[in-house]
There are 2 protein chains.
Amino acid sequence: MSTRETIIEQADYLIRDKGYNAFSYYDLSKAIGIKNASIHYHFPSKSDLGIAVVQKHLQGLAELRQEKKDLSPLEQLEAFFSIYTKAQSNQKICLVGALATDFHTIEENVQTHLKVLADQVLNWVTEILVLGQQQGVFHFSIEPRTKAMLIISNMLAIVQLIRLTQIEDFERVKAAIIFELTNPQ
Amino acid sequence: MSTRETIIEQADYLIRDKGYNAFSYYDLSKAIGIKNASIHYHFPSKSDLGIAVVQKHLQGLAELRQEKKDLSPLEQLEAFFSIYTKAQSNQKICLVGALATDFHTIEENVQTHLKVLADQVLNWVTEILVLGQQQGVFHFSIEPRTKAMLIISNMLAIVQLIRLTQIEDFERVKAAIIFELTNPQ
DNA sequence: GTCTATATTCCGATAGAC
DNA sequence: GTCTATCGGAATATAGAC
């Protein structure tokens with residue numbers, strides 16, 4: 001992995017662990033083993049790095065979506081959940097939530113990229129829900145886009161909340177979403 | 001309002017606007033009109049201030065709960081939602097979410113108080129849901145505590161997400177939660 | 001591309017006068 | 001209880017050698 005990619009990966013980790021404003025170039029230099037100034041060579045400003053991290057997630061999302069596109073709606077939804085399962089296993093939160101709470105402190109170009117990421121996530125989950133509804137495997141009576149917001153909200157928030165409650169709540173919530181979605185009650 | 005109370009209120013505002021690590025004693029001094037050092041007289045360390053803000057929310061929650069305890073389950077749930085409606089109207093997020101994302105950077109005594117707040121919220125919403133279920137006005141098939149986590153997650157995350165999507169999503173989500181909860185499908 | 005060294009700014013916190 | 005003044009440290013960022 002190139003130095004540039006290593007920096008992005010570590011920055012991603014730190015943003016989702018401590019928050020955008022709490023991590024520093026010094027944190028990165030410690031973690032990677034190169035000096036502060038070397039990181040500025042790759043990413044002159046912190047915003048440049050923030051954008052790169054968001055873009056990495058955009059790319060990862062597109063790849064995951066492409067990779068799973070022929071699977072069943074339920075399997076695709078579980079693929080979406082896997083993003084959060086992976087985060088939760090490392091005590092990390094999701095990038096969208098991490099940067100949303102710091103939204104009023106990040107530069108406008110980072111904000112813009114973040115909005116695109118949120119939009120892409122919303123589009124994907126909405127698409128999965130519509131497909132599942134058409135196939136009769138998902139049951140819900142509200143607008144698909146709103147249902148997608150509810151499910152995304154559940155995942156985004158639960159990875160934050162399990163820092164305060166119990167780690168087991170993550171699996172409980174995931175199972176409950178699938179139960180309610182797949183059972184006509 | 002006493003200077004102490006003014007400081008707490010402004011700190012509350014700033015934490016939920018910019019995040020715990022992004023606001024400074026200087027921000028407070030500008031907003032209130034007293035000097036940096038004067039704030040340290042009331043709150044020697046930033047942790048002292050953080051704890052005071054959490055405790056203000058704990059007290060506010062207890063008062064709201066007491067005030068609404070004889071109302072119907074639906075009205076009590078709407079009272080819970082009103083916390084987020086108020087936040088959303090000022091582009092603020094909820095305190096629990098704001099401090100959860102910064103959780104790994106705040107001092108242990110702030111963490112402890114925050115956990116108590118999250119626990120109190122969870123207890124209240126669970127209680128409302130059980131009552132509604134007993135009265136036959138709420139319909140859900142999962143554990144009440146898990147259902148409470150789902151609903152709290154929805155509200156906690158939506159106030160973060162509307163910074164990235166559309167402000168109208170807040171009302172949509174709120175209406176959808178009530179619709180799904182009150183309709184047997 | 002990485003380094004040393006440093007400029008600059010800002011932050012949390014304290015001493016001491018009033 | 002609020003002020004001026006300042007300390008010590010940390011952050012983002014840059015200059016210039018290698």
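Below, chain A is the first sequence line, B the second, and so on; all start at residue 1.
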TODO: Identify the 5'-most and 3'-most nucleotides of DNA chain D with at least one atom closer than 4.0 Å to a non-hydrogen atom of chain A.
DONE: dA11(D) to dA15(D)
Output yes when [X] and [Y] qualify as a salt bridge under the 4.0 Å nitrogen-oxygen rule, no when they do not.
{"X": "Lys174(A)", "Y": "Glu78(A)", "value": "no"}
{"X": "Lys147(B)", "Y": "Glu180(A)", "value": "yes"}
{"X": "Glu127(A)", "Y": "Arg65(A)", "value": "yes"}

- [ ] For Gln135(A) and Gly132(A), indicate whether the former's side chain and the latter's backbone hold a donor-acceptor pair under 3.5 Å.
- [x]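 No: the side chain of Gln135(A) does not pair with the backbone of Gly132(A).
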TODO: For DNA chain D, determine which residues of residues 21-45 of chain A have any heavy atom closer than 4.0 angstrom to one of its atoms, and list them numerically.
DONE: Phe23(A), Ser24(A), Tyr25(A), Asn36(A), Ala37(A), His40(A), Pro44(A), Ser45(A)
- [ ] Return yes if a side-chain donor-acceptor contact under 3.5 Å exists between Gln55(A) and Gln59(A), otherwise no.
- [x]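 Gln55(A) vs Gln59(A): no donor-acceptor pair found between side chains.
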Open item on the list: Could you walk me through whether His42(A) and Asp48(A) satisfy the side chain to side chain donor-acceptor pair (under 3.5 Å) test, starting with their C-alpha distance in whole Å, then the side-chain angles of each, then the deciding distance to 0.1 Å, before giving a yes or no?
Closed with: CA-CA 9 Å; His42(A) 295 279; Asp48(A) 297 320; over 6 Å; no
TODO: Would you check if Lys86(B) and Lys92(B) make a side-chain contact, meaning some heavy-atom pair closer than 4.5 Å?
DONE: no
